Amino acid sequence: MSVAKKQYKRITVKSLVDMKTNGEKISMLTAYDYTMAKIVDGAGIDVILVGDSASNVMAGHETTLPITLDQMIYHASSVVRAVERALVVVDLPFGSYQSDPKEALRSSIRIMKESGGHAVKIEGGKEIKESIKRIINAGIPVMGHLGLTPQSIYKFGTYTVRAKEDEEAERLKEDALLLEKAGCFAIVLEKIPAKLAKEVAESVSIPVIGIGAGNGVDGQVLVTHDMIGMTHEFNPRFLRRYMNLYEEMTSAFQHYKEDIKSGDFPNDTEQY
Ligand SMILES: Nc1nc(=O)c2c([nH]1)NC[C@@H]1CN(c3ccc(C(=O)N[C@@H](CCC(=O)O)C(=O)O)cc3)CN21
Ligand SMILES: CC(C)C(=O)C(=O)O
Ligand SMILES: [Mg+2]
């Protein structure tokens with residue numbers, strides 16, 4: 001007897017391009033661990049990003065720079081074990097691709113081999129074109145990332161809106177076309193004017209996924225811990241909170257403590 005086939009259909013890089021063609025918006029959220037990925041995937045989110053924002057959210061670093069390739073692979077392998085439907089995209093961390101195309105390919109191969117993720121995401125445009133081509137040539141799908149690229153924070157000094165001036169906007173448009181031509185299957189645009197993001201989305205045939213890039217793009221991504229209100233001190237304008245978990249969890253922990261102190265927990269039915 002054969003085991004019953006599961007009824008879900010896996011999301012592939014091609015599904016995402018089809019979604020753009022059909023005008024269906026793409027939903028994307030981050031996950032860094034098994035339990036969260038299980039919930040995000042079960043909710044039907046299309047793309048799960050194992051973001052290097054794990055450096056901030058999981059490890060408490062001020063920037064995304066310290067997280068290592070080994071740590072990204074650990075997070076990604078936990079996520080992959082949970083996911084049945086979503087496409088799992090893994091950030092190439094700072095220092096794992098900038099030296100040369102061979103290093104970029106080697107790091108991407110390690111991610112694919114050791115985590116089981118389905119694609120990698122890489123920050124930058126023209127300057128990493130050869131690396132992107134090299135990775136794609138090896139059969140690894142690549143998602144681009146332009147606009148606010150947090151791995152370059154020390155070059156800019158702030159997390160302010162990017163590409164507000166014409167010159168930077170023109171360069172971003174060129175970079176988007178270049179990423180499409182190099183073979184990227186999608187592009188993330190972070191914290192740029194909505195009008196510019198819409199122009200970019202209309203100028204390429206691959207999906208453009210925005211974070212702080214307005215509603216004229218093909219999909220949206222947020223950091224899950226932000227949108228459920230666990231990171232209550234992170235309050236950029238682009239963030240919509242769907243829960244206030246920081247408060248709910250604080251209250252649960254306080255209640256648990258009270259129940260211990262008062263002797264209420266555990267009760268007769270909660271022991272052997
Ligand atoms: N929790 C979390 N959420 C994210 O979206 C995220 C991370 N971490 N870490 C990596 C990057 C960094 N990102 C950021 C960081 C800051 C702003 C931002 O808007 N910060 C300030 C404004 C700074 C300024 O205008 O100078 C804010 O309003 O909170 C946006 C995206 C997005 N990524
Ligand atoms: C904010 C998203 C796009 C990201 O790159 C991350 O979570 O690391
Ligand atoms: Mg990232």
Side-chain angles (χ1 to χ4, degrees), residues 16 26-33 36-37 40 45-69 71-73 75-76 79 86-98 107-108 111 117 119-125 128 142-164 179 184 186-194 197 207-214 217-243 245-246:
L16 299 185
I26 296 162
S27 59
M28 173 161 154
L29 282 174
T30 57
Y32 319 115
D33 69 274
M36 186 69 86
V40 173
I45 296 299
D46 301 310
V47 186
I48 296 184
L49 174 67
V50 183
D52 59 352
S53 51
S55 180
N56 309 85
V57 179
M58 293 285 102
H61 292 296
E62 201 176 322
T63 70
T64 57
L65 277 69
I67 199 163
T68 66
L69 183 57
Q71 289 165 342
M72 288 302 297
I73 289 169
H75 287 298
V79 167
L87 185 82
V88 178
V89 180
V90 185
D91 264 348
L92 278 164
F94 178 70
S96 74
Y97 62 91
Q98 288 91 345
S107 300
S108 302
I111 286 174
V120 299
K121 179 161 79 57
I122 185 164
E123 293 183 8
I128 52 161
V142 174
M143 179 180 276
H145 183 160
L146 299 171
L148 197 172
T149 47
Q151 292 177 17
S152 310
I153 181 59
Y154 291 110
K155 176 171 155 187
F156 294 95
T158 71
Y159 289 101
T160 48
V161 180
R162 294 296 141 84
K164 276 177 96 169
L179 291 182
C184 288
I187 303 172
V188 164
L189 291 182
E190 180 164 351
K191 215 175 169 187
I192 64 166
V208 171
I209 298 171
I211 171 166
V217 292
D218 308 304
Q220 299 293 329
V221 58
L222 285 174
V223 167
T224 297
H225 290 71
D226 298 338
M227 62 87 78
I228 62 179
M230 283 180 85
T231 53
H232 77 316
E233 282 166 346
F234 184 73
N235 276 308
R237 190 219 283 240
F238 64 73
L239 175 61
R240 184 181 291 186
R241 282 201 206 289
Y242 290 82
M243 295 180 83
L245 263 194
Y246 188 93

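This structure is a prediction, so every number in the text was calculated from the model and none was measured. Side-chain atoms are counted along with the backbone in the values below, which use heavy atoms only and exclude waters and symmetry mates. Each ligand, and each atom within it, is numbered from 1 in the order the structure gives.
Within 6.0 Å of the CZ atom in F238, the count of heavy atoms belonging to other residues, nucleotides or ligands exceeds 12.
Considering both main-chain and side-chain atoms, T231 never comes within under 3.5 Å of ligand 1 through any nitrogen or oxygen pair. Residue D226 places at least one N or O, backbone or side chain, under 3.5 Å from an N or O of ligand 1.
Shortest non-hydrogen contact noted between I48 and A31 is CG2-CB, 3.7 Å. Minimum heavy-atom separation, S107 to L92: CB-CD2, 3.8 Å.
Listed by number with element, the atoms of ligand 1 under 4.0 Å from a non-hydrogen atom of T64 are 10 (C). Proximity to F238 (heavy-atom distance under 4.0 Å) selects the following atoms of ligand 1: 30 (C), 31 (C). For ligand 2 and I211, the ligand atoms under 4.0 Å from any heavy atom of the residue are 1 (C). Which parts of ligand 2 touch G51 is read off a 4.0 Å heavy-atom cut-off, strictly below it: atoms 6 (C), 7 (O), 8 (O). Remark: ligand 1 atoms within the under-4.0 Å shell around heavy atoms of V57 are 1 (N). Near K191, with a cut-off below 4.0 Å to any heavy atom, the atoms of ligand 1 are 18 (C), 19 (O), 22 (C), 25 (O).
For atom 5 (O) of ligand 2, the closest non-hydrogen atom on the protein side is K121 NZ, 2.8 Å.
Here D52 meets the criterion, with an N, O or S atom under 2.8 Å of the Mg ion (ligand 3).
Side-chain contact annotation: S53 with Y32, donor-acceptor N/O pair under 3.5 Å present.
Contacts between P236 and ligand 1, counted as non-hydrogen atom pairs separated by less than 4.0 Å, involve both the backbone and the side chain.
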